[in-house]
Amino acid sequence: MQSKLRVYNTLNRELEEFQPLHPPFVGMYVCGPTVYSEVHIGNVRTFTSFDLIYRYLLHLGYKVRYVRNITDVGHLLDDTSEDKISKKARLENIEPMEVVQRYTVDFHNTMATFNALPPSIEPTATGHLIEQIEFIQKIMDQGLAYESNGSVYFDVKKYSESENYGALSGRNVDELLANTRSLDGQTDKRHPADFALWKKAEPQHIMKWNSPWSLGFPGWHLECSVMSTKYLGKQFDIHGGGMDLKFPHHECEIAQNKAGLQEDSVKYWLHTNMLTFNGRKMAKSEGTGVTPKQMLTGDHDLLTQAYDAMTIRFFMLQAHYRSTLDFSNEALQAAEKGLKRLLIAIDDLNNLSASDSSSLNVAEMREKLYGAMNDDFNSPIAIAHLFEVVKWVNLIKEGKESLTSEDLDTLKSIVNHFVFDIFGLKDEQSGGDDNKVDDLMQFILEIRQDAKAEKNYNLSDQIRDRLNDIGFTIKDGKEGTTYTVS
RNA sequence: GGUCUCGUGGCCGAGUGGCUAGGCAGAGCUCUGCAAAAGCUUGUACAGCGGUUCGAAUCCGCUCGAGACCUCCA
C-alpha cells in the first residue's frame with residue numbers, strides 16, 4: 001500500500017497521519033447508547049460508521065481493542081428528579097434493570113442485523129461504580145472537584161485557570177462561565193458551568209448507590225472516562241462518538257481525565273455526523289426517530305416500502321461519516337438498486353474466465369481503493385471505484401476487456417475484501433444454502449431452453465413469468481441463462 | 001443571542017483553484033423471439049451578488065436559506 005491512513009482529528013480540526021501509540025495495537029473507545037428505549041436509525045448510522053473504521057483498521061492488520069459502553073445508569077431528565085430509565089420502568093411497571101436488559105439485547109440484535117462486529121469489550125456504567133467513585137476521589141484530591149450537599153461537582157472555573165476547557169468543541173470558557181441561562185434551583189453548584197460527578201438521589205429515585213458523599217448516582221460523563229482508561233490505558237488512540245456529544249460530554253471527559261490522571265488520554269477524537277430526516281436531526285427526544293424495525297418492515301408514515309438492512313448499510317456507506325446524511329425513499333431505493341448491481345457483478349466476477357493478457361490496470365484500482373479509505377475512511381469514493389469494477393466485470397463478460405488469471409485473482413481478492421470485510425456487506429440474496437434449489441433451477445431452465453429451441457415461446461415465457469412470480473429473475477445471456485433470487 | 005457547519009444537475013452524494021466523481025432516475029442507440037440484464041452515448045450542476053486570480057463550485061466579503069451545539073441526545 002502506498003498511501004498512509006489519515007484521520008480527521010476533531011481536536012485540531014485537521015487530517016493527521018494515523019500513528020498508534022503502541023503499534024500494532026490500537027485502542028478505540030466509542031460512546032454507546034443509553035438503553036432506555038430502542039435505538040433509532042440515526043444511532044445505527046453512528047455505530048455503523050465506527051464499524052467501518054473498526055473493520056478497516058483490522059483489515060490493515062492492527063490489533064484493535066474496541067470498547068463501547070452501555071449507559072445503564074439513568075441520567076436526569078428535564079428538571080425532574082426522574083431519569084429516563086426509571087421513567088420507563090415506572091411506565092411499564094418493571095425494574096429499571098429490566099428496562100436496561102431489554103434494550104441492551106435489542107441493541108445487540110439490531111447491530112447484528114446490520115452486520116456490525118461486536119466490540120471487544122462492552123462495559124456497563126453500573127458495573128463500574130467503584131471505579132467511578134475512586135475516580136471522583138482522584139479529581140477531588142487534585143482540588144478540582146467539590147462536595148456540595150451530598151453531590152460532587154467538577155470545578156470548571158478552577159480547572160480552566162490552567163487548562164483549556166472547551167478546546168474540543170471550540171468554546172470560550174469565559175462565555176461558558178458567563179452563561180447563566182435557565183439554571184434555576186441549581187444552588188448546589190458554585191458555578192453554572194460546573195458539571196456533576198456524583199448526584200445525591202432524591203428519596204423516590206430508584207437507581208442509587210452508596211458513596212462517601214451520599215446515596216446517589218454517578219454523573220453522566222464519568223463512566224466514559226473511567227471505562228475507557230480502565231481498558232485502554234491512561235492514554236489511548238481513538239475516542240469516537242456522535243458529533244452531538246462533543247459538548248458537553250466529551251469536553252467534560254477531557255477535563256476529568258486531565259484532572260484525575262494528569263493525562264490527555266485521547267490521541268485522535270473522531271466524530272460522526274448525524275442522520276437527518278427531512279433535513280432535521282433524528283432524535284428520540286424530539287420524536288423524529290425512525291427505528292430499525294420500522295425501516296425493515298416499512299411500517300412508518302414516511303416510508304413507502306421496507307428496506308433491508310444491507311440496503312440501509314450501503315446507503316450509509318455512500319456518504320462520508322463526517323457529512324450529514326439525509327434520508328429519503330428515493331435515495332434508499334437508489335441504494336437498493338445500486339447494491340444489487342454491485343453484488344451481481346461480484347458474483348459474476350467470481351465466475352469470469354481468464355485471458356492471456358490484461359487490458360485493465362488492477363494494481364491501479366487497488367491503489368485507488370486503498371487511497372480512498374486511507375483518506376479518512378472515504379467510503380463513498382471507494383464505492384465509486386467499485387462501480388468502475390462493476391463495469392469491468394460486465395465488459396469482460398462480453399469479451400470486450402480481459403484479465404490474466406493472476407490479475408483476476410488479485411481483483412477478486414481486493415473486491416471481496418472491500419465489500420465483505422471492510423464495508424461489512426452481505427449478499428443475502430444468494431443464500432447458497434441449498435444446492436438442491438440450484439439443481440432444480442438448472443433443470444427447469446433446461447426445459448425452458450428446449451422450448452425456446454423449438455420456438456415454443458408461449459411455454460418459455462410462461463416458465464419465466466411463473467418463476468418471476470415466485471421470486472426468481474431469469475436473464476438470457478450470451479453464455480446461457482442465469483437467475484437471481486429476489 | 002453565542003459558537004460552528006452547510007447550501008452541488010430530477011433525487012442521494014463525492015470533490016475543493018484549471019482535468020469525467022459515483023449511484024438512482026430520464027433520453028437515444030446496440031444486443032435480444034420478447035423480456036430482463038449489460039454496454040455505449042447524452043444531459044453541461046455547483047444558493048445569490050461582489051471581489052482576489054491568467055483561471056473559482058473550490059479562496060475572501062456580503063446577502064439569502066438550512067442545520068447542529070449551547071439542556072438529555074449517536
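Numbered from 1 within each chain, the chains take letters A, B, ... in sequence-line order.
Across the C1' atoms, rG13(B) and rC46(B) are found 13 Å apart, a figure rounded to whole Å. The same atom, C1', is picked in rA56(B) and in rG17(B); the two are 6 Å apart, to the nearest Å. With both ends at atom P, the span from rA57(B) to rG7(B) equals 14 Å, rounded to whole Å. Using P as the reference atom, rA36(B) and rG26(B) are 12 Å apart when rounded to the nearest Å. Using C1' as the reference atom, rG22(B) and rC34(B) are 32 Å apart when rounded to the nearest Å. rA47(B) and rU8(B): their P atoms are spaced 6 Å apart (whole Å). Spacing between rG23(B) and rG55(B) at atom C1', rounded to whole Å, works out to 31 Å. rC54(B) and rC49(B) have their C1' atoms separated by 23 Å, with the value rounded to a whole Å.
Ring geometry for His249(A) versus His221(A): interplanar angle of 30 to 60°, hence tilted. Ring geometry for Phe277(A) against Phe327(A) counts as perpendicular: the plane angle is over 60°, on a 0 to 90° scale with 30° as the lower cut. In this structure, Tyr66(A) and Tyr54(A) have tilted ring planes: the angle between them lies in the 30° to 60° band. Ring-plane geometry between His205(A) and Phe217(A) is classed as parallel, the angle between the planes falling under 30 degrees on a 0 to 90 degree scale with a further cut at 60. Taking the six-membered ring for Trp and thresholds of 30 and 60 degrees, Trp269(A) and His250(A) have ring planes inclined between 30 and 60 degrees apart.
Stacking of Arg171(A) on the aromatic ring of Tyr165(A) is not recorded, the 6.0 Å distance cut-off and the 45° axial limit not both being met. In this structure, Arg190(A) fails the cation-pi test against Tyr153(A), since its NZ or CZ atom is not both closer than 6.0 Å to the six-membered ring centre and inside 45 degrees of the ring normal.
Ranked by how close their nearest RNA chain B nucleotide is to the 5' end, His385(A) and Tyr457(A) are led by His385(A). Mapped onto RNA chain B by nearest heavy atom, Lys246(A) and Ile383(A) fall at different nucleotides, with Lys246(A) at the one closer to the 5' end.
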Protein within reach of the bases, or only the backbone? For nucleotides 5-13 of chain B, mark each nucleotide 5' to 3' as B, S or -, using heavy atoms under 4.0 Å.
------SSS
What does the B/S/- profile of nucleotides 34-41 of chain B look like, 5' to 3', with a 4.0 Å heavy-atom cutoff to protein?
BBBSSSS-
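In a base pair of the Watson-Crick type (N1 to N3 plus N6-O4 or O6-N4) or a G-U wobble (N1-O2 and O6-N3), with each distance short of 3.5 Å, rC31(B) is matched with no nucleotide. With both pairing distances under 3.5 Å, rG1(B) is matched to rC70(B) as a Watson-Crick or G-U wobble pair. The partner of rC6(B) is rG65(B), by the rule that a Watson-Crick or G-U pair needs both atom distances under 3.5 Å.
Nucleic acid contact class of Asn378(A) (heavy atoms, under 4.0 Å, all strands): sugar-phosphate only. Within 4.0 Å of Met243(A), counting heavy atoms only, lies no atom of the nucleic acid at all. Residue Gly42(A) is classed as a base contact, given a heavy-atom separation below 4.0 Å to a base.
Atom NE2 in His249(A) sits about 15 Å away from atom P in rU71(B), given to the nearest Å. When the P atom of rA68(B) is taken as reference, atom CD of Glu251(A) falls 20 Å away, rounded to whole Å. Note: CH2 (Trp269(A)) to P (rC69(B)) measures 18 Å, nearest angstrom. rU3(B) atom P lies 21 Å from atom NE2 of His271(A), rounded to whole Å. The distance between atom OH of Tyr8(A) and atom C1' of rG15(B), rounded to the nearest whole Å, is 16 Å. In this structure, the CG atom of Asp83(A) is 16 Å from the C1' atom of rU71(B), given to the nearest Å. The separation between Leu343(A) atom CG and rG23(B) atom C1' is 14 Å, rounded to whole Å. Between Leu168(A) atom CG and rC70(B) atom C1' there is a gap of 14 Å when expressed in whole angstrom units.
Other residues, nucleotides and ligands contribute only 12 or fewer heavy atoms inside 6.0 Å of the NZ atom of Lys157(A). Other residues, nucleotides and ligands contribute over 12 non-hydrogen atoms within 6.0 Å of the CZ atom of Arg90(A).
A distance cut-off of 5.5 Å between ring centres, combined with a plane angle under 30°, leaves Phe387(A) outside any stacking arrangement with the base of rG23(B).
Here the straight-line distance linking atom CZ of Phe154(A) with atom CG of Leu197(A) works out to 7.0 Å at 0.5 Å rounding.
For Ile381(A), counting side-chain heavy atoms from C-beta on, the closest listed nucleotide (rC72(B), rA74(B), rA21(B)) is rA21(B). Proximity note for Phe47(A) (side chain, C-beta onward) versus rA74(B), rG33(B), rA14(B): the nearest is rA74(B).
Checking Asn115(A), Thr48(A), Asp51(A) one by one against Arg313(A), the side-chain hydrogen bond (donor to acceptor under 3.5 Å, both in side chains) holds for a single residue, Asp51(A).
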